[in-house]
Asks: 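First the structure, then my questions, so here it is.
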Amino acid sequence: MLQVPFIRQNKEFVLERLAFKNFKDLDVVEEVLALDDKRKKLTLEYDDTQAQVNSLSKEIGKLMSQGKKEEGEAQRAAVAALKERLGPVNDELNATEKALHDALVKLPNLPAAMVPAGKTPEENEEVRSGGKIPDLYDGAVPHWDLAKQYDLIDFELGNKITGSGFPVFKNKGARLQRALIQYFLDYNTTNGYTEYAPPYLVNEASAYGTGQLPDKEGQMYHATEDNYYLIPTAEVPVTNIYRDEIVKDTDLPIKMTAYTPCFRREAGSYGKDVRGLNRVHQFDKVEIVQLVHPDKSFEALDEMIAHVENLLNQLELPYRILRLCAGDMSFTSAITYDFEVYSAAQQKWLEVSSVSNFEAYQTNRMKIRFKENNGKPQLVHSLNGSSLALPRILACLLENNQTAEGIQVPTALQSYYGSHMI
RNA sequence: GGAGAGAUGCCUGAGUGGCCGAAAGGAACGGUUUGCUAAACCGUCAUACGGGUUAAACUGUAUCGAGGGUUCGAAUCCCUCUCUCUCCGCCA
């Protein structure tokens with residue numbers, strides 16, 4: 001969430017940026033400032049009164065130990081009177097703090113300076129593209145047909161075991177999937193990311209920390225018996241590794257990677273674009289997360305973009321990089337780049353990675369901070385990106401590399417998969 | 001699932017009503033000195049939110065798992081919750 005002192009000092013800027021993001025409820029900004037004023041006033045009153053209580057209490061202790069009971073009794077009455085005032089002030093202070101917090105979490109992150117204007121996905125800006133869109137041979141089919149033809153994925157079996165959107169990978173399909181995971185992780189760790197294998201279920205505090213709660217409650221699977229949430233992305237457990245921690249500036253940047261399955265209810269997205277692997281409830285993803293010095297987050301962002309782009313180049317997939325317009329970015333992001341690969345058989349672009357800089361928006365919630373030269377703790381910046389999400393990569397690999405003789409495996413992947421052809 | 005123990009600062013760990021924001025040791029950081037892959041000594045060593053200041057200094061409040069209660073006063077007593085550990089059971 002945004003920081004109140006920043007809002008106070010940069011009110012016009014905040015309003016302008018929020019409007020740019022197409023955020024309607026601009027009155028919340030005034031509300032936040034008014035509540036903060038009230039909070040300060042009440043804090044002052046409470047602290048002053050409590051200070052009197054504390055000092056009187058000490059006196060009473062002294063008087064009692066000196067045997068001056070009557071004087072002590074008199075002081076007691078004075079304290080009682082003060083405390084009568086304290087209760088209501090405290091109640092109001094708590095209510096004000098809660099109202100302030102509730103208002104604050106309504107405000108999305110501010111779009112960074114480079115973010116293009118716009119409201120819809122059509123207004124996203126193509127930054128660059130790469131790779132070559134293949135000319136498929138006449139018998140080319142979409143991946144769901146290939147999956148059946150080569151016995152790689154059984155969608156119907158998933159329906160039986162669980163429900164729709166839970167594909168079963170088998171034979172060479174399962175192997176290819178495993179090869180990709182291994183390949184991605186190796187690529188990430190080679191480039192300085194520390195590998196983690198985190199839990200796939202998280203508690204409420206973690207889900208709140210990265211912003212899934214309260215905004216996206218309905219999108220996560222919820223194990224109500226124990227009140228755990230199935231992770232929608234490794235971002236949640238991995239970023240929370242440093243929740244409530246103060247690290248040394250020399251520890252930065254912190255670069256982490258993790259492979260996990262991801263679980264998403266995708267409520268309300270039935271019908272369109274859900275065929276085959278395009279949109280599923282459980283999928284595998286390798287994620288990268290960075291915690292960096294606030295001055296370095298845009299540098300880190302560029303590095304992550306280059307990192308993901310290089311991966312797509314090595315997989316020889318045609319891709320394009322989009323800078324999301326203000327209205328299409330997520331609630332918590334300051335700037336987001338989407339990576340899409342071209343599915344030649346479906347003739348459309350599929351999103352396979354999303355790389356974002358959250359600046360201090362997430363870390364302010366999670367209180368992830370660092371200390372520089374024994375100074376005051378400051379918030380670090382957090383970034384994350386997929387490198388990469390498996391299903392759509394798999395779909396494109398199958399579709400784009402299909403030939404009459406079989407499906408070709410990209411060179412970079414061959415040693416992991418164990419063959420040059422499916 | 002059953003029984004028990006516990007939750008204190010970066011770590012270990014003392015503290016059972018006022019002298020405790022908290023002993024001691026360790027780690028870390030800064031320095032002095034000496035010096036060969038280091039030791040000794042000195043110092044620093046929680047956070048948040050206020051007041052104050054150009055900025056500091058200074059100062060108030062809160063925090064000893066979380067929330068509530070008793071009391072003039074609570075890390076210390078009471079209640080609730082959460083979590084952790086140990087043993088038993090079950091099991092990969």
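First the proteins, then the strands, lettered A, B, ... as listed; each starts at 1. What you are looking at is a predicted structure, and each value in this text was computed from that prediction instead of being measured.
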Asks: A/F169: what forms a ring pair (Phe, Tyr, Trp, His ring centres under 6.0 Å) with it, not counting sequence neighbours?
Replies: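 So A/F169 forms no ring pair (Phe, Tyr, Trp, His ring centres under 6.0 Å) with any residue.
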Asks: Taking only residues at least two apart or on different chains, which pairs with a member in residues 322-331 of chain A satisfy salt bridge (charged side-chain N to carboxylate O under 4.0 Å, His left out)?
Replies: A/E125-A/R323
Asks: Please list all pairs passing the salt bridge (charged side-chain N to carboxylate O under 4.0 Å, His left out) test where one or both residues lie in residues 149-166 of chain A, with sequence neighbours left out.
Replies: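 Every salt bridge (charged side-chain N to carboxylate O under 4.0 Å, His left out) pair that includes a residue of residues 149-166 of chain A, provided the two are not neighbours, is A/D151-A/K170.
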Asks: Whole-Å distance between B/A62 P and A/Y46 OH?
Replies: 6 Å
Asks: Looking only at the side chains, is there a donor atom on one of A/Y259 and A/E195 sitting less than 3.5 Å from an acceptor on the other?
Replies: no
Asks: Pairs of donor and acceptor atoms involving the side chains of residues 394-402 of chain A, under 3.5 Å and at least two apart or interchain, shall be tabulated with distances.
Replies:
residue	atom	partner	partner atom	Å
A/E399	OE1	A/S343	OG	2.3
A/E399	OE2	A/H143	N	2.8
A/E399	OE2	A/H143	ND1	2.8
A/E399	OE2	A/Q346	NE2	3.2
A/N400	OD1	A/A344	N	3.0
A/N400	ND2	A/Y342	O	2.9
A/N401	ND2	A/L397	O	3.1
A/N401	ND2	A/Q408	O	3.4
A/Q402	OE1	A/V141	N	3.1
A/Q402	NE2	A/V141	O	2.8
A/Q402	NE2	A/E399	O	3.0

Asks: Can you give the dot-bracket line for RNA chain B, using ( ) for pairs inside the strand, [ ] for pairs that cross earlier ones, | for pairs with another strand and . for unpaired bases, where Watson-Crick and G-U count if both distances are under 3.5 Å?
Replies: ((((((((.[[[..)..(.....]]].(((((.......))))).((((((......)))))).[[[[[..)....]]]]])))))))....
Asks: Using a 4.0 Å heavy-atom cut-off, write out nucleotides 67-73 of chain B from 5' to 3' as B (base contacted by protein), S (sugar-phosphate only) or - (no contact).
Replies: ----BBS
Asks: Could you give the side-chain donor-acceptor pairs of residues 205-214 of chain A under 3.5 Å, partners two or more places apart or in another chain?
Replies:
residue	atom	partner	partner atom	Å
A/S206	OG	A/N203	OD1	3.2
A/S206	OG	A/R243	NH2	2.9
A/Y208	OH	A/H101	NE2	2.9
A/T210	OG1	A/S206	O	3.3
A/T210	OG1	A/Q212	OE1	2.7

Asks: Determine all donor-acceptor pairs shorter than 3.5 Å in which one atom belongs to a side chain in residues 223-237 of chain A; sequence neighbours excluded.
Replies:
residue	atom	partner	partner atom	Å
A/N227	OD1	A/H222	NE2	2.7
A/N227	ND2	A/E204	OE1	2.7
A/Y229	OH	A/E217	OE2	2.9
A/T233	OG1	A/E235	N	3.0
A/T233	OG1	A/K285	NZ	2.8
A/E235	OE1	A/N384	ND2	3.2
A/E235	OE2	A/Q362	NE2	2.9
A/E235	OE2	A/N384	ND2	3.4

Asks: When you compare the side chains of A/T332 and A/N109, does any donor N or O come within less than 3.5 Å of an acceptor on the partner?
Replies: no
Asks: Taking atom types as modelled, is there a side-chain donor on A/E309 or A/N313 under 3.5 Å from an acceptor on the other?
Replies: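 No pair is found: no donor N or O on one side chain lies under 3.5 Å from an acceptor on the other.
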Asks: Does a donor on one side chain and an acceptor on the other come within less than 3.5 Å for A/S333 and A/S330?
Replies: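 No pair is found: no donor N or O on one side chain lies under 3.5 Å from an acceptor on the other.
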Asks: Could you name each residue pair satisfying salt bridge (charged side-chain N to carboxylate O under 4.0 Å, His left out) that touches residues 28-44 of chain A, not counting sequence neighbours?
Replies: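 Residue pairs with at least one partner in residues 28-44 of chain A: A/R8-A/D36, A/R8-A/D37, A/K11-A/E30, A/D36-A/R39, A/K38-A/E92.
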Asks: Could you list the protein-to-nucleotides 75-84 of chain B atom pairs, N/O on both sides, closer than 3.5 Å?
Replies:
none

Asks: How would you summarise protein contacts on nucleotides 46-51 of chain B per nucleotide, using B for base, S for sugar-phosphate only and - for none, with heavy-atom distances below 4.0 Å?
Replies: SSSSS-
Asks: Could you check how far CD of A/Q50 sits from C1' of B/A74, rounded to whole Å?
Replies: 13 Å
Asks: Without hydrogens or angle criteria, can the side chains of A/Q52 and A/T49 be said to hold a donor-acceptor pair below 3.5 Å?
Replies: no
Asks: Output the rounded distance in Å from CG (A/D249) to P (B/C29).
Replies: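 Taking atom P of B/C29 as the reference, CG of A/D249 is at 12 Å.
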Asks: Starting from C1' on B/G65, measure out to CZ on A/R243 and report it in whole angstrom.
Replies: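 Taking atom C1' of B/G65 as the reference, CZ of A/R243 is at 14 Å.
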Asks: For residues 386-393 of chain A, run the donor-acceptor check on the side chains, cut-off 3.5 Å, and write out each pair with its distance to 0.1 Å, sequence neighbours left out.
Replies:
residue	atom	partner	partner atom	Å
A/S386	OG	A/S354	N	3.3
A/S387	OG	A/N188	OD1	3.0
A/S387	OG	A/N188	ND2	2.9
A/R392	NE	A/N278	O	2.8
A/R392	NH1	A/E351	O	2.8
A/R392	NH2	A/N278	O	2.8

